[in-house]
Number of protein chains: 2
Amino acid sequence: MDTDFELQDFLPYLLNQAAEASGLAFQKHYKERYGMLRTEWRALFHLGRYGALTAKEIGQMARVHKTKISRAVAALEQKRFLTRQQMTQDRRHENLHLTKAGQAAFADICAAARRFDDQITAQFTPQEVATLKSCLSRIAGLETRNLPKTKNSN
Amino acid sequence: MDTDFELQDFLPYLLNQAAEASGLAFQKHYKERYGMLRTEWRALFHLGRYGALTAKEIGQMARVHKTKISRAVAALEQKRFLTRQQMTQDRRHENLHLTKAGQAAFADICAAARRFDDQITAQFTPQEVATLKSCLSRIAGLETRNLPKTKNSN
DNA sequence: GCTTGTTAGTTACAAAAACAACTAATATCT
DNA sequence: AGATATTAGTTGTTTTTGTAACTAACAAGC
């Protein structure tokens, strides 16, 4: 009756618990202070970090479905954190770029993210952190793809 | 402008991506085959693994809010995977235990979980797996609690 | 030019999650 | 005993997500 299989050893469970705990703790920096949802923060991050992008590009980089991006962009636009600009060559694409306020929010949250990350990793040795991050990347399929395909390949 | 901070290095992001990828891949074993939601699978697991429990106990062990447990239990009951039994000493508590069908589903999914876990961990060295799991436990707050408290302490 | 196909992004509707308010049973305090 | 507080679990309402269908712009074939 599988008497020695502990849920605490099951990777999807552990990953989920760790992701939830850290995600919930970090939320306050974008949710409490700016009323943003996680997808909004991710979109903001990509625009802040990589400059003007289209919605599609953000979706691909952040691995988020286009409908979520669409709504996140609309929300960020309403908060005056970004503006849209139709591209003349192809009017289907729209170039998104952050406003001053958007850039300020990005810088602020980004700094918080760094501190937050440092705070977690400080509990471990550099060696452990390196292993942790590399394993996570592999599992997430961000590097070598060894896992069964997910549905999120939008 | 934080030009060297990559989202791929930010732990909450990495954790979330890894959790989503692995969770999505494992879903098929409980969702496709049994039409269960993740919370249902977790509740089933706890009952299969630890014997009869009350809804509250499951919630505490699995770190899930009581409303989600309540609905998961109702769904499992409807699927004839468990039965309820009011306790006479305190009629507020109800003891939940799996039916034959529930036990069968548990055994089946559990075996799949083992295989799934083995498949992921096979990519890494035993040393790496040990580090990974211990770091995740720490971050999840399942052992030493070093992180800011989360809202989920129901 | 006109059909057919594709692509970027939006919208509408259904499923699931979050949160708050509730009921019923028991415990506590006086 | 009777008022008040707690506790286990449920229900209802609001957000957020997932999914599919849609619009508008462009591309290709003929």
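Protein chains get the first letters and strands the later ones, always in sequence-line order, with residue 1 at the start of each. Every heavy atom of this structure was used, including side-chain atoms; hydrogens, water molecules and symmetry mates were not.
- Remark: Ala18(A) engages Leu15(B), Leu136(B), Ile139(B), Ala140(B) in a side-chain contact (heavy atoms from CB on, under 4.5 Å) (not counting sequence neighbours).
- With sequence neighbours excluded, the residues that form a side chain to side chain donor-acceptor pair (under 3.5 Å) with Tyr34(A) are Asp108(A).
- Every residue two or more places apart in sequence or in another chain that forms a side chain to side chain donor-acceptor pair (under 3.5 Å) with Gln127(A) is listed here: Thr131(A).
- Against DNA chain D, the stretch residues 77-91 of chain A makes heavy-atom approaches under 4.0 Å through Gln89(A), Asp90(A), Arg91(A).
- With sequence neighbours left out, Arg71(A) forms a side chain to side chain donor-acceptor pair (under 3.5 Å) with no residue at all.
- Between Leu53(A) and Leu47(A) there is a side-chain heavy-atom pair separated by less than 4.5 Å.
- Bending across the helix from dG1(C)-dC30(D) to dT30(C)-dA1(D), expressed as the angle between its end axes from five pairs apiece, amounts to 10° (10° rounding).
- Rounded to whole Å, atom C1' of dC26(D) lies 10 Å from atom NE2 of His93(A).
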Ignoring hydrogens and angles, write down the donor-acceptor pairs under 3.5 Å from the side chains of residues 94-102 of chain A, residues two or more places apart or on other chains.
{"unit_1": "Glu94(A)", "atom_1": "OE2", "unit_2": "Arg84(A)", "atom_2": "NH1", "d": "2.7"}
{"unit_1": "His97(A)", "atom_1": "ND1", "unit_2": "Thr83(A)", "atom_2": "OG1", "d": "3.3"}
{"unit_1": "His97(A)", "atom_1": "NE2", "unit_2": "Gln85(A)", "atom_2": "OE1", "d": "3.0"}
{"unit_1": "Thr99(A)", "atom_1": "OG1", "unit_2": "Arg80(A)", "atom_2": "O", "d": "2.7"}
{"unit_1": "Thr99(A)", "atom_1": "OG1", "unit_2": "Phe81(A)", "atom_2": "O", "d": "3.4"}
{"unit_1": "Thr99(A)", "atom_1": "OG1", "unit_2": "Ala101(A)", "atom_2": "N", "d": "3.4"}
{"unit_1": "Thr99(A)", "atom_1": "OG1", "unit_2": "Gly102(A)", "atom_2": "N", "d": "3.1"}

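- Taking the ring pair (Phe, Tyr, Trp, His ring centres under 6.0 Å) definition, one finds that His29(B) meets it with Phe26(B), sequence neighbours left out.
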Got a list of protein N/O to nucleotides 1-3 of chain D N/O distances below 3.5 Å?
none

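- The Arg92(B) side chain lies nearest to dT7(D) when the options are dG18(D), dG9(C), dT7(D).
- Pairs engaging residues 118-129 of chain A under the salt bridge (Lys or Arg N to Asp or Glu O under 4.0 Å) rule: none recorded [sequence neighbours left out].
- Taking His93(B) as the reference, nothing meets the ring pair (Phe, Tyr, Trp, His ring centres under 6.0 Å) condition, with sequence neighbours excluded.
- Under the side chain to side chain donor-acceptor pair (under 3.5 Å) criterion, Lys68(A) pairs with no residue at all, not counting sequence neighbours.
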